[in-house]
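For clarity, every value in this text was computed on a predicted model and none was experimentally measured. Per chain, numbering begins at 1; letters A, B, ... match sequence-line order.
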2 protein chains.
Amino acid sequence: MRPTREQAKENRQRILDTAARLFRENGIHAVGVDAVMKGAGLTHGGFYGHFKSKGDLTTEAVSHAMDAALQSVADVKSMEDFAAAYLSREHRDIAGNGCTIATLGPELARFPEGQRGTVSDYVSAQIAQIEALQAAKDGTTDRRKAIADLSSLLGALIMARTVDDPQLSDEILTETRLYFATDANKPTNS
Amino acid sequence: MRPTREQAKENRQRILDTAARLFRENGIHAVGVDAVMKGAGLTHGGFYGHFKSKGDLTTEAVSHAMDAALQSVADVKSMEDFAAAYLSREHRDIAGNGCTIATLGPELARFPEGQRGTVSDYVSAQIAQIEALQAAKDGTTDRRKAIADLSSLLGALIMARTVDDPQLSDEILTETRLYFATDANKPTNS
DNA sequence: ATTATCTATAGATCTATAGATAATGC
DNA sequence: ATTATCTATAGATCTATAGATAATGC
């Protein structure tokens with residue numbers, strides 16, 4: 001019944017994967033250690049062999065989720081593509097695999113500094129990527145605009161998810177995406 | 001010991017005020033009925049005379065919070081002023097009295113439709129207000145830009161709160177605000 | 001022998017209810 | 001008599017720990 005050292009490592013990874021998904025789907029507070037272990041196919045008592053506490057798991061799982069999210073947008077070629085992917089209905093409706101700030105931002109903001117995982121690096125990396133897309137387009141970068149654009153993507157996704165009215169939700173996604181499409185045809189103001 | 005009918009009504013309002021603040025400060029899941037009643041100066045058993053359940057309180061308190069937030073920005077005169085207030089350090093650091101979407105958006109998004117209070121009306125009202133500010137400036141409105149601008153404000157505030165690095169947090173607030181200031185001097189693209 | 005996992009449970013906390021209390025309002 | 005509030009508690013749920021189990025790995 002005892003797994004090999006390698007299987008134990010895989011189990012730990014599966015706990016992280018499961019937590020990263022369940023936390024984003026339901027919120028950190030709403031997901032117990034029990035649910036995470038059940039989702040990973042283990043019993044909840046075994047959890048404390050892998051992690052010191054739920055807080056420790058949270059920090060690691062959040063960083064784990066952000067790493068995966070960064071990789072999934074690494075090959076985006078333009079700001080319009082970035083916006084189309086980020087503001088897709090699929091991203092809105094499947095939160096468990098999406099942007100960590102959009103699902104857990106406000107909850108993470110209440111955690112003490114140092115327990116929020118690599119969130120600052122994550123945001124910095126997203127800003128840098130938008131700057132890289134700017135440079136690829138016309139050779140110049142505008143960090144201020146990169147920050148405002150990233151803010152717009154994040155805010156639109158959260159609003160589209162929070163709003164009760166499906167029509168308004170679709171409008172927020174579509175119009176913000178179109179804003180980036182028309183914006184792309186304007187000269188940069190730098 | 002029993003209060004007058006009028007005092008009971010005041011008690012109910014104080015429960016709503018307290019819940020609206022505590023929910024925004026700590027998240028809905030993290031605040032028990034006990035804490036709300038204690039904050040309102042009552043014992044927690046008395047809660048169920050005022051509300052049927054915590055879910056009922058949540059719907060009402062969220063709407064209550066959004067009503068108050070709308071009133072507090074009703075007299076804003078320009079988009080720059082709106083951005084300056086919304087992206088102020090004060091708003092970032094005092095969540096209990098601020099924008100409900102920025103503190104509770106992702107948590108509300110997990111509630112079933114119909115239990116999120118007046119969130120759609122709240123977002124619609126914010127969009128309409130930005131359109132009114134556009135009209136007051138040059139007589140035209142651009143709903144698409146209003147949506148993108150509102151998204152940008154919301155996203156920037158959430159990022160500034162979530163990020164671990166105080167310098168990056170300040171930069172996000174300042175640069176997004178400056179983006180609106182410079183943006184205001186450009187011709188509208190409609 | 002070591003150790004990853006499981007079973008069982010302690011101790012907190014949270015929502016909700018039941019019955020008692022005591023002052024208001026017909 | 002009605003009713004807003006309080007006291008006490010039931011029933012769930014959640015984090016964490018203790019001790020048992022059984023297969024791996026020196």
Under 3.5 Å, which donor-acceptor pairs link side chains of residues 65-72 of chain A to any protein atom two or more places apart or in another chain?
from	atom 1	to	atom 2	distance (Å)
A:Ser72	OG	A:Ala69	O	2.9

Next item on the list: For DNA chain D, determine which residues of residues 7-18 of chain A have any heavy atom closer than 4.0 angstrom to one of its atoms, and list them numerically.
Entry: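 Output list: empty, so none.
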
Item checked: Interface residues of residues 34-56 of chain A with DNA chain D (non-hydrogen, below 4.0 angstrom) ->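 Within residues 34-56 of chain A, the residues near DNA chain D are A:His44, A:Gly45, A:Tyr48, A:Ser53, A:Lys54.
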
Check: Looking at residues at least two apart in the chain, or sitting in another chain, which of them share a side chain to side chain contact (heavy atoms under 4.5 Å, CB included) with A:Thr43?
Finding: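 Per chain and number, A:Thr43 pairs via side chain to side chain contact (heavy atoms under 4.5 Å, CB included) with no residue.
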
Next item on the list: Quick one: pull up CD1 in B:Ile127 and CD in A:Glu171 and give me the separation to the nearest 0.5 Å.
Entry: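 Answer rounded to 0.5 Å: 6.0 Å.
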
Check: Nearest 0.5 Å, what's the CG-CD1 distance between B:Asp165 and B:Ile172?
Finding: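 Rounded to the nearest 0.5 Å, the CG-CD1 separation comes to 9.0 Å.
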
I'd like to check [X] versus [Y] (side-chain heavy atoms, cut-off strictly below 4.5 Å). Are they in contact?
X        : Y        : result
A:Ser78  : A:Lys137 : no
B:Phe111 : B:Thr58  : yes
B:Leu42  : B:Asn11  : yes

Notebook entry, point to check: Which salt bridge (charged side-chain N to carboxylate O under 4.0 Å, His left out) pairs, counting each pair once, include a residue from residues 109-133 of chain A, with sequence neighbours left out?
Noted result: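 Listed once each, the pairs are A:Glu131-A:Arg143.
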
Next item on the list: Enumerate the residue pairs fulfilling salt bridge (charged side-chain N to carboxylate O under 4.0 Å, His left out) with a member in residues 43-59 of chain B, sequence neighbours excluded, ordered by first and then second residue.
Entry: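 As it turns out, there is no salt bridge (charged side-chain N to carboxylate O under 4.0 Å, His left out) pair with a partner in residues 43-59 of chain B once direct neighbours are skipped.
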
Item checked: Bracket string, DNA chain C, 5' to 3' - pairs by Watson-Crick or G-U geometry under 3.5 Å, | interstrand -> ||||||||||||||||||||||||..

Note to self: Give me each pair satisfying ring-ring contact (aromatic ring centres under 6.0 Å, His included) with a member in residues 112-170 of chain B, each pair once, sequence neighbours excluded.
What the structure shows: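 Sorted result for residues 112-170 of chain B: empty, none.
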
Margin query: Under the ring-ring contact (aromatic ring centres under 6.0 Å, His included) definition, can you give me all pairs with a residue in residues 76-99 of chain A, not counting sequence neighbours?
Written below: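 Only A:Tyr86-A:His91 qualify under ring-ring contact (aromatic ring centres under 6.0 Å, His included).
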
Next item on the list: Using a cut-off of strictly less than 4.0 Å between a heavy atom of the residue and any atom of DNA chain C, enumerate the qualifying residues of residues 19-30 of chain A by number.
Entry: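 The stretch gives none, as no residue of it lies under 4.0 Å from the strand.
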
Checklist line | side-chain hydrogen bond (donor to acceptor under 3.5 Å, both in side chains) pairs, two or more places apart, involving residues 16-39 of chain B | finding: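 Non-adjacent pairs meeting side-chain hydrogen bond (donor to acceptor under 3.5 Å, both in side chains): B:Asp17-B:His64.
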
Considering only nitrogen or oxygen atoms on both sides, find all protein atoms under 3.5 Å from nucleotides 24-26 of chain D and state each distance.
from	atom 1	to	atom 2	distance (Å)
D:dT24	O2	A:Arg2	NH1	2.6
D:dG25	OP1	A:Arg5	N	3.1

Note to self: Quick one, A:Arg92 with A:Asp170, criterion salt bridge (charged side-chain N to carboxylate O under 4.0 Å, His left out). Give me CA distance, side-chain angles, the key distance, then yes/no.
What the structure shows: CA-CA 10 Å; A:Arg92 179 193 62 190; A:Asp170 283 348; 2.8 Å; yes

